[in-house]
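For ligands, and for the atoms within them, numbers begin at 1 and follow the listed sequence.
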Amino acid sequence: MKWWQETVFYEIYMPSFKDGNGDGIGDFKGLLEKVPYLAELGVGGIWLTPFYPSPKVDNGYDVSDYYAVDPDYGTMADLEAFVEEAHRHGIRVIADMVVNHVSTEHAWFKAARSSRDNPKRDWFVWRDTPNNWESFFGGSAWKWDDVTKQYYYHSFAEEQVDLNWHHPAVEREIWKVFDFWLDKGLDGFRLDVINNLTLTRDFTDNPTENGEQRHLFDKDQPGMQKMMAKIGARIRTRGDYFTVGEISSDKLAEIEKYAGLDGLDVTFNFNFGSVASRDGIVAELARMQQVYADGRMPTLFVGSHDMSRSWNRLADGREDVAQLLATLMLTAYGVPFVYFGEEIGMADFVPESMREMRDVQGVYAYEQALQMGKSEQEALVLAQEKTRDKARAPMNWPEGFSQKANAWIGEVTPDFDRGQRMFAFYQALIKLRKTADFCESGYRDFEVDGEFLTYVRGEHLVCLNFGKAREVPNKWGNLTLVLANMEVAVSEEIIAVPAFAAVIFKI
Ligand code: NOJ
Ligand code: CA
């Protein structure tokens with residue numbers, strides 16, 4: 001058993017978790033203060049979003065120096081003190097590694113763009129004429145460089161320039177980066193858009209379907225599986241570290257094939273966690289249950305910093321549904337990732353004007369809408385749909401997020417009573433998950449009937465009702481209630497499960 005197979009992870013969006021120095025931006029000092037809170041919740045691992053120096057066009061996913069801490073978040077000593085404190089509480093820490101692209105402010109790119117024969121020129125992807133590839137944020141993925149008269153490739157914002165993984169020096173440099181942070185005591189990495197690495201020199205145009213580009217040739221390029229295996233192996237040879245890959249694909253087979261001993265440890269499946277409504281969730285879990293065999297593990301999550309919060313998107317603002325989702329995430333087979341604030345039922349923040357809009361994706365959507373002739377009001381509505389600011393509002397702490405300054409982004413009104421109930425429920429689930437039943441075994445009696453799901457893990461029976469109230473035959477006999485989000489009637493013959501009930505019995 002590997003440590004990460006029995007760990008509940010907790011994602012922390014760096015600028016939004018806790019401000020320790022009163023400037024309105026989350027930081028390592030604030031994080032350090034909150035380690036006991038995380039220990040009380042019971043999580044065993046933390047994923048930190050990027051904390052490296054960055055112009056923050058994409059809030060740190062545009063790294064300008066891989067070997068330091070951004071002053072907004074503190075110093076290297078602050079990071080070390082936090083990691084030490086987390087370890088003292090039995091919590092491991094993994095870092096977000098953004099190695100598909102760097103900031104245009106990174107020294108490597110500054111050198112590369114200084115002249116065509118700079119030795120670092122080919123660490124990036126240059127062309128005389130662009131092909132039709134679009135950025136994942138919208139618009140062309142190619143940007144004209146007026147100094148050297150060529151286009152460079154950026155699969156996200158134009159300030160996030162893609163590294164050319166075809167070049168052996170790039171690989172070598174990134175190994176050094178990995179080593180540096182493992183030597184600092186980190187316990188592994190979350191690898192950003194890792195199946196997007198540019199590995200080939202074929203720039204085949206992407207096809208268009210219903211007016212939208214299908215990203216066929218700008219990700220999952222030939223050689224990707226091998227590269228993933230190489231990255232996984234490289235990190236594994238260093239020791240007992242954990243890797244989780246962010247895979248931008250909606251094909252479960254692709255997502256699954258990058259995980260396991262011939263790849264990274266696990267990969268995120270966005271069909272499960274980032275769906276627009278809870279309708280498909282049960283069916284997706286059923287698919288995952290079939291696909292993941294031979295000790296491979298899926299990941300389980302219902303939110304992140306890239307989508308609207310599960311409270312709004314999946315739970316319709318209902319506490320019972322939020323608890324149902326939590327039960328699914330924390331009792332199913334896989335590695336769970338709780339997004340900060342989920343455990344207190346935090347809701348979305350929606351910027352009311354462009355002045356409040358912080359996310360580059362929201363800003364892009366607004367600009368593109370204006371270019372297409374939409375009115376400012378229409379453009380704002382589109383930007384509100386696209387913006388990832390929704391999930392990035394600061395954590396609702398009883399004492400507030402910041403001692404002095406206003407937060408860097410708008411806040412959501414707290415509901416502390418709800419927060420306490422949700423926290424207690426999460427805490428109970430996480431405690432239960434630590435027992436052998438939920439770590440070691442897969443499923444028994446995994447059964448889906450429409451929106452009703454039951455499975456047995458070890459000695460525990462889990463019933464999850466995403467549909468209408470129903471009665472199901474009790475084929476397990478003597479059941480003892482362990483945890484539920486509402487009252488459930490059970491006899492020797494029948495279990496009566498109300499709509500949105502989540503209930504765990506000991507068999
Ligand atoms: C995925 C990250 O989660 C997202 O926030 C970021 O914008 C893109 N990768 C680009 O790095
Ligand atoms: Ca701060």
Legend entry - Between Asn131 and Trp142, a side-chain donor and acceptor under 3.5 Å: yes

Legend entry - Ring geometry between Phe109 and Tyr152 (parallel below 30°, tilted from 30 to 60°, perpendicular above 60°): perpendicular

Legend entry - Pair Asn132, Asn206: side-chain N/O donor-acceptor within cut-off below 3.5 Å: no

Legend entry - Of Pro394, Ser402, Ser16, the residue whose pairing with Glu411 passes side-chain contact (heavy atoms from CB on, under 4.5 Å): Pro394

Legend entry - Aromatic contact, His167 with Phe124 (centres under 6.0 Å): no

Could you give the N/O to N/O pairs under 3.5 Å linking ligand 1 and the protein, each with its distance?
unit_1: ligand 1; atom_1: 3 (O); unit_2: Arg190; atom_2: NH2; d: 3.1
unit_1: ligand 1; atom_1: 3 (O); unit_2: His305; atom_2: NE2; d: 2.8
unit_1: ligand 1; atom_1: 3 (O); unit_2: Asp306; atom_2: OD2; d: 2.4
unit_1: ligand 1; atom_1: 5 (O); unit_2: His305; atom_2: NE2; d: 3.0
unit_1: ligand 1; atom_1: 5 (O); unit_2: Asp306; atom_2: OD1; d: 2.7
unit_1: ligand 1; atom_1: 5 (O); unit_2: Asp306; atom_2: OD2; d: 3.4
unit_1: ligand 1; atom_1: 5 (O); unit_2: Arg388; atom_2: NH1; d: 3.3
unit_1: ligand 1; atom_1: 7 (O); unit_2: Asp58; atom_2: OD1; d: 3.4
unit_1: ligand 1; atom_1: 7 (O); unit_2: Asp58; atom_2: OD2; d: 2.5
unit_1: ligand 1; atom_1: 7 (O); unit_2: Arg388; atom_2: NH1; d: 2.9
unit_1: ligand 1; atom_1: 9 (N); unit_2: Asp192; atom_2: OD1; d: 2.8
unit_1: ligand 1; atom_1: 9 (N); unit_2: Asp192; atom_2: OD2; d: 3.2
unit_1: ligand 1; atom_1: 11 (O); unit_2: His101; atom_2: NE2; d: 2.9
unit_1: ligand 1; atom_1: 11 (O); unit_2: Asp192; atom_2: OD2; d: 2.7

Inset, instruction - Report yes or no: is the cationic atom of Arg358 (NZ for Lys, CZ for Arg) under 6.0 Å from the centre of the six-membered ring of Trp408, at an angle within 45° of the ring normal? - result: no

Inset, instruction - Decide whether a cation-pi geometry holds between Arg309 and Phe340; the criteria are a distance under 6.0 Å from NZ or CZ to the six-membered ring centre and an angle within 45° of the ring axis. - result: yes

Legend entry - Nearby protein N/O/S atoms (those under 3.0 Å) for the Ca ion (ligand 2), with water ignored: Asp19 OD1, Asn21 OD1, Asp23 OD1, Ile25 O, Asp27 OD2

Inset, instruction - Could you check whether the rings of Tyr13 and His305 sit parallel, tilted or perpendicular, using 30° and 60° as the cut-offs? - result: parallel

Inset, instruction - Please find out if less than 6.0 Å separates the ring center of Trp4 from that of Phe9. - result: no

